[in-house]
Amino acid sequence: MGISTSDKPFITRVKEDEADHFMRAAVAKAQDAQFIKRTQARRELGNWNEWRDLAEQIRQHVLKYLPDYLEEFADNVEKQDGHVFFAKDEDEAHNFIKELAIAKKAKNIVKSKSMVTTEIDLDKTLLSIPGANLLESDLAEFILQEDNWDEPTHIVFPTLHKNRDQIQREFQKLGYDGDDDPQHEARFVRGYLRKYFMKADFGITGCNFAIADNGMINLDTNEGNADITMAIPKTQVVVMGMERIVPSMKEAEVLDNMLARSAVGQKLTTYCTFTGRKKGGEVDGPDDFWVVIVDDGRSKALGTEFEPILQCIRCGACMNVCPVYRQVGGKGYGSIYPGPLGEVLSPILGGYEKFKDLPYACSLCAACTETCPVKIPLQHLIREHRIVEMDGKHMDHSMTNLILKMVGKGTQSPFLFGSAMKMAHPASNMFSQTEQPGAVEGMYDEGKIDYVPKIVPKLIHGWIDTRDVPRPVKAKENFRHWFKDHKPEEMAPVVKKEGGHAND
Amino acid sequence: MDNQPRVCIFSSCLVDLLFPNVGKAMVQVLERLGCKTFLPKKQVCCGQPTYNSGYSKGSLKTFKNEIDALLSIDADYIVGPTGSCVFMIKEYAGILADDPVYGPRAKKLADKICEFSQFIYRVLGIIDCGAELDATITVHRSCHMTRLLGERTAPFVLLDHVKGIKRVPLHNVQLCCGFGGTFSAKEPELSTAMVQDKVKNIMDTKADILVGMETSCLMNIAGYMNRHGDHIKVMHIAEVLNHDVDPSRIKYIKDTNEPVVPANGEGVF
Amino acid sequence: MTSLLDQANNKDNREQFLNRIAKAAGRPRHALKDHPFKPLNTLPDDLLADKSPEELLNIAIKNSESVNAQVVLKPAAQLADFLTAYAKQENISHLLLPNNTPEEWEKYGLMEWSKNPGVENVAVWSDKLSRQENEENANQADLAVGMGDYLIAATGTVTVINRSAQGRGFDYLPTRLLLIVPKSGLVKSTREAVNKYNEQTANGLSTSTFNFISGPSNSGDIEMELVVGVHGPVECTYLIVEDR
């Protein structure tokens, strides 16, 4: 399954989500709350755009010298008796970890939230080991697991689509007898999972940043589950996307601050931990420390116009500002990476065939680009995907394709456009209504077009099904005609006195 | 007067086809403010409908036609009533960077072109256009103008100096109205849901007039309102700044105590 | 079939991977040594650099409280009484302490208290006990009183390291965590704390973990409503020692 969460066509998913009123209200509420928190947190830090410049520089530098930094990191892990495995794809990554779990005779595996482990389908692989148990320890991931491995819909708030009552009902199956207060539900999970934690023998975490110069792993969490996952089990596996590396703790620290402010509007996550294999004299922590560094398609972006997507630090701010995500929620995207990040990343990791619709699920409003703490030009990359799909792969064979090609012809020729300006008014006659005054003033002086037969392509009726279009003006009343004959407006006295040109 | 700024009007295809009043208002305001205007006949469209849909190659001729047309006038500035299309034209320089002929021409064009309100406020240095409009308004800001062109304050400053205007803030002003060019036609379900939210927020302001800086967004929002019987008046900023003008009220920023507000306002978060 | 596990720490596995991605990127390997990272600005070092120590302390307190940490300031001479009273007030029945040296306790005048803190069950995290015993003790504890290194003003954070006398489980498993941190450990920012740890490491400090802890554990996973106290401690107190 990999990053894909649905086999349904994109439009079906959109319609399902439109009908899901709870989900839409929850997402809207979350976006609005995060808008305030995020903006305050960034404002309070000060010089936000200069911080972004620094974060961008760190990420771009690391990508430019990625093999060197990975080499340095791996050397440092190995020096401390840790183990590093480089996995080129999903299969190598999850098979390696499965083999390791079997070799270690793992019985009680505990995981903390990590997008890359979801991406490589690790849970399903581990569950196929006879006699092994597995629990997700992040509250949201635990909720998803208990709901028969439901798919996450946000990279920071995976259960944004679920409400407290649904969660209460799920927990009742585990023996919860409390009410639907999130505080009580969370405390129940604390007790439930603590028992499991205490006997966990195999821990799996993701990695926010790997520190090249000391071989440590930097993790940011609020619940403390990742830290317990790294304290109790004797074997720990860290799974990291290969791009998630920084030169030293100094650069990690910069990104930790920006991640927390961007993701949840906090100054820092409650636990920001730099950690590695247990050292001499220490009592707990992993005796056995394994790092699995995963490519899984990321290298396809290296050296291309899409390389900036690898700057991503997974804060989720882009989906928190996205007006399309607001409407469809995470599920609509059909990828574990939803929102603007997902629109760029999913076709790279999962292929254009599977995710060809995603780059079009975007109005190019650029809210994502504006909010991105590491300055990924998201809306630009989304448009680059469209160019690859249309010009490179010729993936659209519908009427839309034909119409847009005609529009291309029409807009390159002053002659054709001149004809259009003449013909648009009479041509729209059969669809136009002029009698009824419109509700909106100032738009429909020439009448409106509010109906076209269903037979016309979606590109046209999709608009007119829900919105009126003003009727084109008569050639004699159009702007160009007016301009040709107009008498220039008299210059204002103050302007005359000044000589017109303020900047001269 | 010889030192009148020579302004080439970039009309945009929507003004040419649907919204003549916006073009007229823009020209009248600019002339009143001392500009000599020119309208090149061969201009058509900035090319966003095709380029933003992924047809890069198919848009090149559109770009080149627009470059030739807009540079056919020896003007000091090129001014258009839409931040979105102006930004597209600024992007030509990057897209055509490797073209020995059109690359440099695109760069020249990018240096000269401005959005209408930005031109008045930042280039002409005018803070009050002398207009009067006795109404409560709310403003839909344009995504491309604020985020890509980076101009988020000039239109608000100019509108706030229109005599008689009372401006009500629009809740969630930062959210896109759902137009997005061909997005609104290719993904009508998503686009409609977005415009629905936008319309609700606008109607909640109880404003008499919705003012916008883009005819495209206004067409989308008004299109939904008109279909659903929401009563409001819609105006482009050029029409507002051209409304009931008393030329003696026109003011330069430097003749007031007001500082020039930076384009990104209090910063972008 | 060869085991994938043999591929870990294997030169071929590493070289193939790194060569492949270098080729994909179209950039040569081993160019970093001539292009080390040089930050384009000094913002992380400049953060709160213009604040006086008093201002920094106030910022630290405000930010700590904003992450739901309880902040208490006391001179060393009053720590013992405070801790005894606190344990009583919270009805603590299982207390966990670090295996500090007498000098470490005495620095804060807590040697006597550590021997007789007035709580029914007292356990000490120590490398003399088994791993499991330590973890069980921590799991039972309704309060752990441990040592912090730095108090970070900008983020309301106290930092701790993993050591034989105070392990990871010490900080994460008890119901309540109280960290004693000297006022001299007050730093401006996470950057300054990282710099200090880097200096200590250069001078021989060896630890597997630097923990930056900001308040009690929490989550917003259910309808984004803040819930304090999830997997880690449900309460967190910073005890700042004014005269140390």
Side-chain angles (χ1 to χ4, degrees), chain A residues 14-15 18 39 42-43 48 323-324 327 360-361 363-366 370 383 386-387 389-391 400 404-405 407-408 411-412 414 417 421 424 438-443 459 462-463 465-470 472-473 477-480 482-483 488-489 491-495 499-504, chain B residues 1 3-5 11 15-18 20 23-24 28 31-34 39 42 44-45 47 49-50 52-58 61-62 65 124-125 143 147-148 175-176 180 183-186 188-190 192-194 222-227 229-235 247 250 252 268-269:
Chain A
V14 168
K15 285 190 170 148
E18 255 195 303
T39 304
R42 290 170 169 183
R43 201 168 284 204
W48 177 248
V324 172
Q327 302 301 336
Y360 288 92
S363 66
L364 301 177
C365 81
E370 179 182 80
R383 192 174 63 177
R386 296 180 182 180
I387 292 173
E389 290 187 23
M390 293 305 121
D391 278 2
T400 302
L404 284 170
K405 286 195 166 151
V407 171
T411 53
Q412 64 187 243
F417 188 69
M421 282 190 288
V440 174
E441 275 178 68
M443 249 282 147
L459 199 63
W463 224 92
D465 282 352
T466 54
R467 287 156 292 197
D468 295 343
V469 181
V473 287
E477 288 166 16
N478 75 18
F479 171 57
R480 297 206 184 178
W482 171 85
F483 188 88
E489 189 73 17
M491 209 187 291
V494 56
V495 177
H501 219 162
N503 279 12
D504 280 358
Chain B
M1 279 200 302
N3 59 351
Q4 259 185 292
S11 55
V15 164
D16 282 332
L17 287 167
L18 300 173
K24 292 178 204 170
Q28 285 172 341
E31 288 177 347
R32 188 177 303 122
L33 298 180
L39 182 65
K42 291 196 166 169
V44 176
C45 168
T50 48
N52 285 351
S53 303
Y55 300 88
S56 165
K57 291 178 203 147
K61 283 188 179 162
T62 305
N65 174 70
L124 296 181
C143 296
R147 298 190 178 115
L148 301 181
L175 290 178
C176 170
F183 166 79
S184 55
K186 283 180 80 116
E189 294 83 2
L190 286 173
T192 302
M194 287 156 75
Y224 185 89
M225 288 173 154
N226 202 51
R227 177 70 54 89
D230 292 319
H231 183 77
I232 199 164
K233 185 172 176 167
V234 172
M235 289 176 92
I250 291 175
Y252 284 96
V268 177
F269 303 95

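In the text below, chain A, chain B and the rest are named by the order of the sequence lines, each starting its count at 1.
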Within-4.5 Å side-chain heavy-atom neighbours: A/Arg480 and B/Asp16: yes
Of B/Val44, B/Leu18, B/Val15, B/Thr192, the largest count of non-hydrogen pairs under 4.5 angstrom with chain A goes to B/Val44
Inspect the contact between A/Asp391 and B/Lys57 and indicate whether a charged nitrogen and a carboxylate oxygen are less than 4.0 angstrom apart. no
Heavy-atom pairs under 4.5 Å with chain B, option from A/Met443, A/Lys405, A/Met421, A/Glu389 with the top count: A/Met443
If one checks every heavy atom of B/Met225 against chain A at 4.5 Å, the contacting part turns out to be both
Counting heavy-atom pairs under 4.5 Å with chain A, which one of B/Pro49, B/Gly180, B/Gly47, B/Ala185 comes out on top? B/Ala185
Among the options A/Val469, A/Asn478, A/Leu364, pick out the one with the most heavy-atom pairs lying under 4.5 Å from chain B. A/Leu364
Given A/Thr39, A/Asp465, A/Thr466, A/Val324, the one with more heavy-atom pairs under 4.5 angstrom with chain B than any other is A/Thr466
Per-residue tally against chain A (heavy atom, under 4.5 Å) across B/Lys61, B/Lys233, B/Arg32 peaks at B/Arg32
Given that the side chain runs from C-beta out, which part of A/Tyr360 has a heavy atom under 4.5 Å from chain B: side chain, backbone, both or neither? both
With A/Phe417, which residues qualify under ring pair (Phe, Tyr, Trp, His ring centres under 6.0 Å), at least two apart? none
CE/B/Met194 to OG/B/Ser184 distance, rounded to the nearest 0.5 angstrom? 10.0 Å
For A/Ala366, is it the side chain, the backbone, both or neither that has a heavy atom under 4.5 Å from a heavy atom of chain B? both
Taking it one step at a time, do B/Asn226 and A/Arg467 satisfy side chain to side chain contact (heavy atoms under 4.5 Å, CB included)? CA-CA 8 Å; B/Asn226 202 51; A/Arg467 287 156 292 197; over 6 Å; no
How long is the span from the CZ atom in A/Arg386 to the CG atom in B/Asn52, to the nearest 0.5 Å? 7.0 Å
Carefully, step by step, assess A/Val473 and A/Phe479 under the rule side chain to side chain contact (heavy atoms under 4.5 Å, CB included). CA-CA 9 Å; A/Val473 287; A/Phe479 171 57; over 6 Å; no
Chain A heavy atoms under 4.5 Å from B/Asp230: which part of the residue, side chain, backbone, both or neither? backbone
Let's test your reading of the structure: which of B/Ala222, B/Gly229, B/Gly58, B/Ser11 forms the most heavy-atom pairs below 4.5 Å with chain A? B/Ala222
CH2 of A/Trp463 to CG of A/Asp468, rounded to nearest 0.5 Å, is 8.5 Å
Scored by heavy-atom pairs under 4.5 Å with chain B, the best of A/Val407, A/Ile387, A/Thr400 is A/Ile387
Report the C-alpha distance between B/Gln4 and A/Met491 in whole Å, list the side-chain angles of each, state the deciding distance to 0.1 Å, and finish with yes or no for side chain to side chain contact (heavy atoms under 4.5 Å, CB included). CA-CA 10 Å; B/Gln4 259 185 292; A/Met491 209 187 291; 3.3 Å; yes
For B/Leu148, is it the side chain, the backbone, both, or neither that has a heavy atom closer than 4.5 Å to a heavy atom of chain A? side chain
